[in-house]
Number of protein chains: 2
Amino acid sequence: MTMPQPLRIGDAYNPDCPTRHILDRIGDKWAVLVLLTLKDGPARFNDLRRRIGAISQKMLSQTLKSLERDGLVSRAAFPTVPVTVEYRLTPLAGGLIRILDQVTQWAESHVGAIMAARRAHDGALADAMAA
Amino acid sequence: MTMPQPLRIGDAYNPDCPTRHILDRIGDKWAVLVLLTLKDGPARFNDLRRRIGAISQKMLSQTLKSLERDGLVSRAAFPTVPVTVEYRLTPLAGGLIRILDQVTQWAESHVGAIMAARRAHDGALADAMAA
DNA sequence: CAGCATCCATTGAGATACTG
DNA sequence: CAGTATCTCAATGGATGCTG
């Protein structure tokens, strides 16, 4: 019955497949955090840094650059002194943001269940150890 | 106007916040791949290994254990010789899977735009270098 | 302000070998 | 078959100091 079925899910398994790359992007903790922060509107570099808080300047810079490269964030520099730079989501990012929102929503409403599962699991493990 | 607003998005920024943990789970490349593979129905250890292909046995084992701990995957062992173990999604995982499906769907329909943005970006960069 | 360059510690993850 | 244990190397990512 169980035919081999080498690949499914587009070719998400194949590291060369572009779809997989999107997964990696979602998998990037900082990228997601930056996108969700920019959802509130355009923001400047140190502004983002402060709002995200835990991110290092190196990571923020790196993350913004890759997001810009992927066309999800746009960068605008104004020739003030000192220079002012503003980042904002592109229209392309819109659909992704909507999905990310669903993720956080799902997370918030199921964290309880997951933590409970975890406690149950760890408890069972402890019991097994004790026996 | 721009009031401080220390934290948003639940407390996703806070590493201690449980919501953040879900983000990390989604951020786990292997976890996502395993969940999506299990969507097709229950599967055994080496079965998963073959289907995912690129995953090492260590990572698969590790991933399955953490997914089980979080109550997203259940494990059933049958006392055959040699032992047979079957993994399957729990009901809790159902909603998450639906969102992951949306992610892959979005990915597949926007990969083109992203690759184009990237080419444009890299091209512009190359031009700047040449100038 | 908005970054880049460098150094360094921690972690991630593959390969390999072994067990019930 | 379904894992565990160990070793090792590469990549993450933080801290620091500097620049236009």
Side-chain angles (χ1 to χ4, degrees), chain A residues 2 4 13-16 20-21 23-34 37-38 42-69 73-88 121 125 128-129, chain B residues 2 4 13-16 20-21 23-34 37-38 42-69 73-88 121 125 128-129:
Chain A
T2 46
Y13 296 136
N14 181 352
D16 299 333
R20 167 64 161 278
H21 189 272
L23 262 317
D24 288 351
R25 184 130 281 329
I26 309 295
D28 185 337
K29 184 177 77 172
W30 295 128
V32 170
L33 249 22
V34 166
T37 305
L38 284 175
R44 297 169 51 187
F45 191 88
N46 284 319
D47 196 13
L48 283 170
R49 197 148 141 58
R50 266 185 302 274
R51 305 240 317 261
I52 300 184
I55 195 170
S56 72
Q57 166 275 346
K58 174 185 171 184
M59 282 302 107
L60 179 55
S61 170
Q62 214 170 86
T63 302
L64 285 170
K65 236 186 300 186
S66 70
L67 286 174
E68 196 195 350
R69 191 168 108 99
V73 161
S74 67
R75 193 194 110 120
F78 305 98
T80 52
V81 224
V83 63
T84 299
V85 179
E86 199 179 76
Y87 293 93
R88 70 176 65 216
H121 184 265
L125 214 165
M129 301 292 274
Chain B
T2 44
Y13 296 135
N14 181 352
D16 298 334
R20 168 63 161 277
H21 188 273
L23 261 318
D24 288 351
R25 183 130 284 328
I26 309 295
D28 184 338
K29 185 176 78 173
W30 295 130
V32 171
L33 250 22
V34 166
T37 304
L38 249 25
R44 297 167 53 185
F45 190 88
N46 284 319
D47 196 11
L48 283 170
R49 197 147 140 59
R50 266 186 301 275
R51 306 240 317 259
I52 299 183
I55 195 172
S56 72
Q57 151 274 25
K58 173 185 169 183
M59 282 303 107
L60 179 54
S61 170
Q62 214 169 87
T63 302
L64 284 170
K65 237 186 299 189
S66 71
L67 286 174
E68 197 196 347
R69 190 168 107 100
V73 161
S74 66
R75 193 193 110 120
F78 305 98
T80 53
V81 225
V83 63
T84 299
V85 179
E86 201 179 74
Y87 292 94
R88 70 177 64 216
H121 185 263
L125 213 166
M129 301 292 275

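By convention in this document, chain letters (A, B, ...) are assigned in the order of the sequence lines, proteins followed by strands, and residues within each chain are numbered from 1.
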Tell me whether the side-chain N/O atoms of A/R44 come closer than 4.0 Å to OP1 or OP2 in C/dA2. yes
Under-4.0 Å side-chain N/O to phosphate OP1/OP2 contact, A/S61 with C/dA2: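 For C/dA2, OP1/OP2 do not have a side-chain N/O of A/S61 under 4.0 Å.
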May I have the distance from [X] (atom [atom1]) to [N] (atom [atom2]), rounded to whole angstrom?
{"X": "B/L64", "N": "D/dG3", "atom1": "CG", "atom2": "P", "answer": "8 Å"}
{"X": "B/N46", "N": "D/dG3", "atom1": "CG", "atom2": "C1'", "answer": "9 Å"}
{"X": "B/E68", "N": "D/dG3", "atom1": "CD", "atom2": "C1'", "answer": "13 Å"}
{"X": "B/K65", "N": "D/dA5", "atom1": "NZ", "atom2": "P", "answer": "8 Å"}
{"X": "A/L48", "N": "C/dG3", "atom1": "CG", "atom2": "P", "answer": "10 Å"}
{"X": "B/F45", "N": "C/dG20", "atom1": "CZ", "atom2": "C1'", "answer": "15 Å"}
{"X": "A/R75", "N": "C/dG3", "atom1": "CZ", "atom2": "C1'", "answer": "9 Å"}

Just by modelled atom types, is the [Y] backbone N or O under 3.5 Å from a matching donor or acceptor in the [X] side chain?
{"X": "B/D28", "Y": "B/A31", "result": "yes"}
{"X": "A/T37", "Y": "A/L33", "result": "yes"}
{"X": "A/N46", "Y": "A/R49", "result": "no"}
{"X": "A/S61", "Y": "A/Q57", "result": "no"}

[Y] side chain reached by [X] side chain, heavy atoms, under 4.5 Å:
{"X": "A/L38", "Y": "A/L48", "value": "yes"}
{"X": "A/F78", "Y": "A/V83", "value": "no"}
{"X": "B/K29", "Y": "A/L23", "value": "no"}
{"X": "A/V85", "Y": "A/R75", "value": "yes"}
{"X": "A/L67", "Y": "A/Y87", "value": "no"}
{"X": "A/R88", "Y": "A/V73", "value": "no"}

Does anything in residues 78-87 of chain B reach DNA chain C, meaning a heavy atom under 4.0 Å, and if so which residues? none
Please list each protein N or O that sits under 3.5 Å from an N or O in nucleotides 13-17 of chain D, with the distance.
residue: D/dG13; atom: N7; partner: A/K58; partner atom: NZ; Å: 3.0
residue: D/dG14; atom: OP2; partner: A/S56; partner atom: OG; Å: 3.2
residue: D/dG14; atom: O6; partner: A/K58; partner atom: NZ; Å: 2.5

Using the C1' atoms of five pairs at each end, what's the angle between the two axes of the helix from C/dC1-D/dG20 to C/dG20-D/dC1, to 10 degrees?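 For the helix from C/dC1-D/dG20 to C/dG20-D/dC1, the axes at opposite ends meet at about 50°.
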Less than 3.5 Å apart, any donor N or O on the side chain of A/S66 or A/R25 sitting next to an acceptor on the other? yes
